[in-house]
Amino acid sequence: MAVIRSINPSSGAELAAFEEDSDEFVESRIAAASAAVPLLAELGFAGRAERMRAAADLLESEADEVAAVITAEMGKPIAQARAEVAKSAYAMRFYADNAEKFLTGRELDDPAAVSASSARTSFEPMGVVLAVMPWNYPVWQVVRFAAPALMAGNAGLLKHASNVPQVAVYIGELFARADFPQGAFSTLLIAARRVEAVIRDPRIAAVTLTGSEAAGRSVGAAAGSVLKKAVLELGGSDPFIVMPSARLDAAVETAVRARTSNNGQACINAKRFIIHEDVYDQFSALFAERMAALVIGDPADDLTEIGPLATESGLRELEELVEDARVKGASVVTGGRRNDVAGGWYYTPTVIADITTDMRLYEEEAFGPVASMYKVASLDEALSVANDSPFGLGSAFWSTDADEIARAERGLESGAVFVNGMTISYPELPFGGIKRSGFGRELSVEGIREFCNLKTIWVA
Ligand code: NAP
């Protein structure tokens with residue numbers, strides 16, 4: 001079996017190495033997950049909620065250590081790693097508090113209309129769900145699947161990204177430590193090519209994937225070939241539109257955070273800045289100045305704002321995207337190159353203008369701190385540029401004009417529109433995309449229902 005390595009992206013140093021799990025071990029995990037499903041049902045909502053709160057307490061009590069591992073394995077600035085852990089514990093409690101309410105079915109008011117004495121719906125767990133997860137929010141992405149899944153009574157198996165094995169092992173043990181039945185949630189340390197066989201196993205009921213389009217295609221195809229439900233949360237190239245009436249200082253300040261949080265490696269980072277011509281020069285100058293002033297360095301340092309990219313291949317891909325645009329005539333306003341801090345995989349925060357449709361940046365997701373600028377003459381043009389993308393995850397719209405806001409809310413083709421703010425995930429709100437950003441929803445009431453059988457019950 002291959003070895004799965006944990007490598008510190010800020011230095012290239014190996015932190016730990018794990019043997020990939022054998023086929024026999026994977027088999028035993030699937031069997032244990034399957035056996036845990038009736039045990040989860042026996043616990044009921046109250047028993048599962050008690051354990052979910054215990055898991056949240058454990059995670060919180062270990063927050064400093066967990067945040068340090070996140071930062072060491074994937075390079076997120078430490079303050080953001082701590083915030084990720086805190087948000088994850090919050091989401092666990094949110095589902096502990098709300099799952100029963102979210103999964104209460106409804107009684108038909110007029111059962112005679114369907115020739116019944118009574119008719120109702122109920123939400124039943126589907127069984128064992130496989131989660132294939134990315135490294136960029138290595139705890140949060142897992143929790144936002146695991147908390148609703150376990151609270152609904154499903155068991156979970158996690159195939160985490162290969163570059164975050166330490167987090168994968170930690171989180172694979174967390175729920176059992178909080179007294180969930182053995183096997184109810186655990187990690188499989190396996191390479192991506194072994195995912196299809198797990199999906200095909202008859203004991204796996206469904207699959208959820210957060211990751212790239214390529215992974216989405218392959219997991220979606222595998223699930224489709226055996227007719228299993230899939231939720232796919234894929235990439236994004238979110239627009240950030242600024243109209244003349246917007247509060248410019250606030251828009252610039254938010255734009256910098258929206259592009260660079262998580263070192264620019266979030267699906268919902270704003271990536272395309274579509275600015276009305278009346279404020280374009282002013283916005284661009286301030287934005288480029290703030291991007292250039294960000295503190296790059298060791299992500300374990302509290303003062304660092306930009307750490308390294310998580311993988312060397314990610315750094316190479318970002319360089320290629322910028323180079324392609326530069327060769328085809330784009331102007332690099334600031335940045336546009338690697339940054340050799342301590343030999344890690346750093347890329348300088350970059351603003352790039354004069355993008356044309358033949359450039360890869362026009363269509364592709366830039367997964368790192370690279371902002372593309374577009375100048376537009378009207379709201380119609382702004383919406384048309386924003387929607388001329390294969391993706392449709394989030395979008396941000398800045399204006400104080402009520403008519404413009406109403407038109408943008410309706411006209412933006414995306415799973416979310418944030419007005420005078422930046423796209424963020426909240427446990428209280430559904431999250432997901434359209435077009436090649438995927439399908440299905442996570443979080444909130446809609447997310448917990450994705451892996452439930454909505455059963456209709458009719459009584460004569
Ligand atoms: P990735 O390479 O697709 O990896 C994501 C997960 O999928 C990893 O566990 C990976 O395993 C696995 N995987 C990759 N190829 C696979 C295949 N052919 N079959 C089965 N599993 C496969 O993506 P990434 O580079 O880690 O993450 C970045 C992408 O995720 C970006 O496009 C980003 O926008 C997207 N993302 C989306 C959301 C959202 O909610 N929409 C949130 C976060 C990130 P290995 O690591 O072993 O290859």
Side-chain angles (χ1 to χ4, degrees), residues 2-7 9 18 20-21 73-76 84 130-145 157-165 167-168 171 187-200 207-223 225 230-238 261-271 309-318 321 364-368 389-394 414-416 423-425 429-443 447 450:
V3 172
I4 295 180
R5 291 178 203 286
S6 174
I7 294 178
F18 298 79
E20 223 188 296
D21 289 337
E73 279 198 315
M74 57 68 68
K76 178 185 314 240
E84 175 177 341
L130 173 68
V132 182
M133 289 289 142
W135 46 262
N136 62 345
Y137 291 87
V139 171
W140 166 243
Q141 291 290 350
V142 175
V143 164
R144 78 185 198 177
F145 158 71
L157 285 171
L158 168 67
K159 182 274 183 271
H160 215 327
S162 295
N163 57 328
V164 288
V167 174
I171 209 154
T187 283
L188 306 176
L189 284 179
I190 56 171
R193 67 185 148 66
R194 292 172 68 197
V195 165
E196 180 166 353
V198 179
I199 293 172
R200 289 182 173 280
V207 59
T208 181
L209 168 111
T210 298
S212 59
E213 269 186 82
R217 257 187 232 108
S218 124
V219 163
S225 74
V231 167
L232 301 180
E233 296 286 1
L234 310 177
S237 190
D238 287 4
S261 69
N262 215 38
N263 303 333
Q265 301 162 116
C267 52
I268 49 170
N269 280 136
K271 290 165 188 146
L309 297 193
T311 62
E312 199 169 11
S313 58
L315 175 60
R316 244 190 339 265
E317 280 161 30
L318 194 64
L321 272 186
E364 294 181 33
E365 177 181 29
F367 219 52
S389 165
F391 299 108
L393 194 52
S414 57
T423 308
I424 296 180
S425 61
L429 289 172
F431 182 100
I434 58 168
K435 302 201 256 182
R436 274 157 49 192
S437 292
F439 45 77
R441 291 293 179 266
E442 291 189 284
L443 298 174
E450 285 283 6

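Since this is a predicted model, take the numbers as computed values, not measurements. Remember, it's 1-based here, ligands and their atoms both numbered in the order they're listed. Start at 1 with the first residue, then count along the sequence.
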* **Residues which pass salt bridge (Lys or Arg N to Asp or Glu O under 4.0 Å) with K159, listed by chain and number, not counting sequence neighbours** =>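 K159 satisfies salt bridge (Lys or Arg N to Asp or Glu O under 4.0 Å) with no other residue.
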Distance-only donor-acceptor hits, side chain of residues 132-140, under 3.5 Å, sequence neighbours excluded:
unit_1	atom_1	unit_2	atom_2	d
N136	ND2	Q265	O	3.0
W140	NE1	S425	OG	3.3

* Judged by modelled atom types alone, do S6 and E73 share a side-chain donor-acceptor pair under 3.5 Å? ->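 Judged by distance alone, the side chains do pair up.
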* Between the side chains of R200 and S225, does any donor sit under 3.5 Å from an acceptor? ->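 R200 vs S225: donor-acceptor pair found between side chains.
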* To do: Below 4.0 Å from any atom of ligand 1, which residues have a heavy atom? Give them in chain and number order, please.
  =>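 Within 4.0 Å of ligand 1, protein side: V132, M133, P134, W135, N136, Q141, R144, K159, H160, A161, S162, A192, V195, L209, T210, G211, S212, A215, S218, V219, E233, L234, G235, G236, C267, E365, F367, L393, F431.
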* Tell me, please, which residues at least two apart from F391 pass ring-ring contact (aromatic ring centres under 6.0 Å, His included). =>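 For F391, no residue satisfies ring-ring contact (aromatic ring centres under 6.0 Å, His included) once neighbours in sequence are set aside.
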* Asked: Would a distance-only check, ignoring hydrogens and angles, find a side-chain to backbone donor-acceptor pair under 3.5 Å from E20 to A191?
  ->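 Flag set: sc E20 to bb A191 pair under 3.5 Å.
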